[in-house]
Every structure is written in structure tokens, then in C-alpha cells.
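Here, residue 1 is the first one in the sequence, and each next residue gets the next number.
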Amino acid sequence: MVKTIEQINEKIRNGKAVVLTAEEVVQLAKQSSPKEIAQTVDVVTTATFAPMCSSGAFINFGHTTPPMRMEKIDLSGVEVYGGLAAVDGYIGATQESRDDKSFGGAHIIEALINGEDLYLRASGKGTDCYPRKYFEGYINKDMINDFFLFNPRNAYQNYAAATNSSERTIYTYMGKLLPNYGNVTYSTSGELSPLLKDPKMLTIGLGTKIFLCGAEGYVVWTGTQFRNNVKVNENEIPISAARTLAVIGDAKKMNSRYLRAAYFKNYGVTLFVGIGVPIPILNEEIAYHVSRANEEIETEIKDYGKPGKPTIGQVNYAQLRSGWVEINGKRIKTSPISSLSMAREIASVLKNWIDEGKFLLTQPVKLFNENYTVKGLVEKTEGKQFESKKLTCVDCGLCVSLCSFDALALVNNKFTFFAERCVMCGMCSDTCPVGVKLPPDE
């Protein structure tokens, strides 16, 4: 049986769609085959709520009077990247405060979503069109124009569990790892996790509408460090870090219950991000994947106490969720750094949205099924020195109006120089935006 997204959307509109959370469909699979699930279930909701460092937000602050080009921007002590345009900035979740390393971009994003006032300080060199050089004052989300989350890498598919064989406690993005294999931490919601329930990404792609921090969001590209050339287990599920998502959503509409700033001691600031992805059950293969239980989803355990973080074992999520795993014959306590209760809440909220007809599914305009891998950064100390290429005209025409003698013109939208008309007055000499010498030699 094969269904289409439009057929499922029609059932959603009519209140007839059968929607289950990923955990519910795992229970259903104990007495139903994938074929039966494909016939009876229309949508499965998945979710995760975990620290996702690769997150941030674009902000358009609005123009000051007189206008300025904000080049150095600071929000309540946290640097905002200002190399975009006059009053646009990007604040990264992990950017730390100048004064307090436990406070950073994630806290700024959460505070803005909550409608709090934040102190903006911005400076620029001042230009003829942007004469103002300094601005400071309070802003909040109602005052600024645009505030949208853009996260380059979220919802990692099957991140490895972490332990530490060394003689000392180490502090990592996987939390505090005790010496001599004192504990194991891991970070996914297992059988609820979006990319573990659609391991080949047969339904998730560019344009997929998702739950993002309490509002509608979208998948906008592969996340950074996306790779699909990884080892899979007998259930066709990657057993190591693999695919990721880049996502976007209107932060003004988000709910900070589903987005929380965090600080990992001696590592830094990060951001808990809540993501829910609906998976349309279009066929039996997709029904099979969404039905896989924690016992069938495995991941590696990596030793963060050694260089290169070697893999020292493989476990499934039922074992990790039990609170104990065995390493070298010794029982080791485990703990997640993601929240299963919040993931369950998100999957339920998304299910309700669909049941109530508030959330329709989208057909991806592109699936991410090309071959991707991840390269390490090699130390290359020798190479060819960068040299600027010969500058060439882009036919913008900016120089044309400066010439009183019509020596410069756009003819059929192409830059044309009439040397016989040029008097070498020099009016055009400093205007070319790409740096072409004007007037040209010929």
C-alpha cells in the first residue's frame, strides 16, 4: 500500500488521520506487522530535546536616527556578529559573555523569546550614508524587526555515548565524565528521535515542516557534518554519528519551554533545542523504520579520555536507558544529557496539532540522498600563496552616471568604454565596487 502526503493531508483536514507518537507505534508493532501499520497509521510524531551547540539567531535591529552601520554589536555583554549588513546580526548560542563564561548567546536568545529587555551597544566607523557611530539602549523582541532561529546543525542522528578511561575527571560537551570509566553519558531520545525513525531520510528533506521550539519551523538544508556513508546495523540504522539537519523558524513565535539556555562546566554555553518531526507513513518500508524499538537501535561508546576518542564498545538504547552498561566486565552507571520527558511532551504536542488539523505535512522539494562524508581538518603548512586574480567588470553600471562625457555607458546592459570621448577627468576613478581600474586603459 502506498499513500501520498496529499492523501494524508486530506485525512488530517477531515479529522480522520491516525496519528501516533513514535513510542506508541513501537508498542503497536508488538502485535502488528509493518504492512498492517502502513495500512492503519498515517503519521508518526518524533521528537528530541537536547543540547545543540550549533544554533543561533539572526536579528534585524532596525535603523537608528540618523542611520548607522553596526559593525561591532553587543547584547547585554554578548558579542553579536555584525559582518552582515547595516543593522543585521547573528548571535551564536555558544558565544560567551565578556564578563561571565557561564552566560552567553543561548541565554540572550531565550531572554529575547521571553520578551525581556536587553542592552544593545553598537558601533561603526561612520560613513556618509550611515553617519552615526555609536548607539546604546534597551531592545526587546517587540522592538526589533526580525528575530529568527537559524541552526546550522541540529537533531544529530545517533550521537555516540561517552565515557572516560583516564585518571582524571574531564569536562566535555557530553557533561562531566568521571575517571576510570566512572560513568557513561549519551544524548538522544532513542526510539523517539526523528532521524532514528527515518534513518534513510526517505521523508525528511528540504522544506519539511517541523515543530521547532514551540512554533512551526522548517528543514532548510542538510545540517553541517552530515554524513550518510556510515556503518548501519541489521535494522538499517546508523550506529554512529551520521545525518543532521539545518533548521529555521520564527523565534518571535517560539515558547522558551522548548528552548533553554545551558552551561556545561569547563566546556561552555549551549542551547537545549526542542524539535519534533512528523513522519508520514507512505509505505511499508517507512512503517518498518518507525517501528524499531530501543533494543534495535545501537550506538557506540567512545572513550573521551584518549586522543581521537576511540570506540570501545557498542550498546543499544534499552541498555543505556536501563541506567547501567557493562565495560570491561564492570557495571557502569549511565545518564542522558537530553530530556526524554520533554521529547515525549513535544511528540504529544505535535500529535495534537495534527489531530486538530492545525499542522499539515509538507512534501520535501529535495531529499538529501546524495553521498556525503565528513572530512577532518588536515594541518597543511605549505601551499601556494594566495594572489588576487585580475579584476574584471561585472557590468553593474555604477560608474556610468559619473561620466559627464559619455565615455562610460551600458550598451545592451554591457559596460562599454568609448576611449575617444574620455578626457581623463578622473571622476570615475574611485567608484568601481569590484576594483576595476577606471578609466580603463582601452
Go through the structure and list residues passing ring pair (Phe, Tyr, Trp, His ring centres under 6.0 Å) with [X], not counting sequence neighbours.
X      : result
Tyr263 : none
Tyr258 : Phe211
Tyr138 : Tyr119
Tyr90  : Phe58

Distance check, rounded to the nearest 0.5 Å: [X] atom [atom1] versus [Y] atom [atom2]?
X      : Y      : atom1 : atom2 : answer
Glu285 : Thr203 : CD    : OG1   : 11.0 Å
Leu178 : Lys333 : CG    : NZ    : 10.0 Å
Glu79  : Ile73  : CD    : CD1   : 9.0 Å
Thr208 : Asp198 : OG1   : CG    : 9.0 Å
Ile109 : Lys141 : CD1   : NZ    : 13.5 Å
Ile346 : Arg257 : CD1   : CZ    : 9.0 Å

For a quick test of your reading: what N or O donor-acceptor pairs under 3.5 Å do the side chains of residues 42-50 make, sequence neighbours left out?
residue, atom, partner, partner atom, Å
Asp42, OD1, Lys3, NZ, 3.2
Asp42, OD1, Lys11, NZ, 3.1
Asp42, OD2, Lys11, NZ, 3.1
Asp42, OD2, Val18, N, 2.8
Thr45, OG1, Ala347, O, 2.9
Thr46, OG1, Val277, O, 2.7

So does [X] have more than 12 non-hydrogen atoms from other groups sitting under 6.0 Å from [atom1]?
X      : atom1 : value
Lys16  : NZ    : no
Lys366 : NZ    : yes
Asn229 : CG    : yes
Lys252 : NZ    : yes

Within-4.5 Å side-chain heavy-atom neighbours: [X] and [Y]:
X      : Y      : answer
Pro433 : Cys396 : yes
Ile239 : Val232 : no
Met174 : Ser187 : yes
Lys200 : Glu236 : yes
Leu120 : Phe61  : yes
Asn158 : Leu195 : no
Leu112 : Ile59  : yes
Ile301 : Val315 : yes

Check: [Y] main-chain N/O paired with [X] side-chain donor or acceptor under 3.5 Å:
X      : Y      : result
Thr163 : Asn183 : yes
Asp395 : Phe415 : yes
Arg69  : Tyr130 : no
Arg227 : Ala241 : yes
Asn294 : Glu191 : yes
Asp99  : Gly77  : no
Lys209 : Leu360 : yes
Ser348 : Arg344 : yes
Ser256 : Leu259 : no
Asn412 : Lys414 : no

Can you tell me which residue pairs pass the side chain to side chain donor-acceptor pair (under 3.5 Å) test with a partner in residues 237-247, sequence neighbours excluded?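 Matches after skipping sequence neighbours: Gln157-Arg243.
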Check [X] against [Y] and note the closest heavy-atom contact, atom names and distance.
X      : Y      : answer
Val26  : Lys197 : CG2-NZ, 3.6 Å
Lys351 : Val19  : CE-O, 3.1 Å
Met201 : Leu367 : O-CD2, 3.9 Å
Gly207 : Tyr218 : O-CD2, 3.6 Å
Pro280 : Ile8   : CB-CD1, 3.8 Å
Leu408 : Cys428 : CD1-CB, 3.7 Å

Just do the side-chain contact (heavy atoms from CB on, under 4.5 Å) check on Arg260 and Leu271 with the steps written out, would you? CA-CA 6 Å; Arg260 292 289 298 277; Leu271 185 67; 5.9 Å; no
Relative to each other, are the rings of Phe264 and Tyr267 parallel, tilted or perpendicular (30° and 60° limits)?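 Phe264 vs Tyr267 ring planes: perpendicular.
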Can you check side chain to side chain donor-acceptor pair (under 3.5 Å) on Ser166 and Asn164, steps first, answer last? CA-CA 6 Å; Ser166 74; Asn164 169 29; 2.7 Å; yes
Establish, yes or no, whether the cationic atom of Arg321 lies under 6.0 Å from the six-membered ring centre of Tyr317 and within 45° of the ring axis. no
I want to know whether Tyr304 and Tyr173 have ring centres closer than 6.0 Å.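 Centroid distance Tyr304-Tyr173: below 6.0 Å, so yes.
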Does the ring pair (Phe, Tyr, Trp, His ring centres under 6.0 Å) test come out yes or no for Phe226 and Tyr156, once each step is laid out? CA-CA 9 Å; Phe226 183 107; Tyr156 231 124; 9.6 Å; no
Is there a side-chain contact (heavy atoms from CB on, under 4.5 Å) between Phe103 and Glu96? Walk through the geometry before answering. CA-CA 6 Å; Phe103 181 88; Glu96 294 178 3; over 6 Å; no
Do Asp146 and Asn60 have side-chain atoms, one donor and one acceptor, less than 3.5 Å apart?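 No donor-acceptor contact under 3.5 Å links the two side chains.
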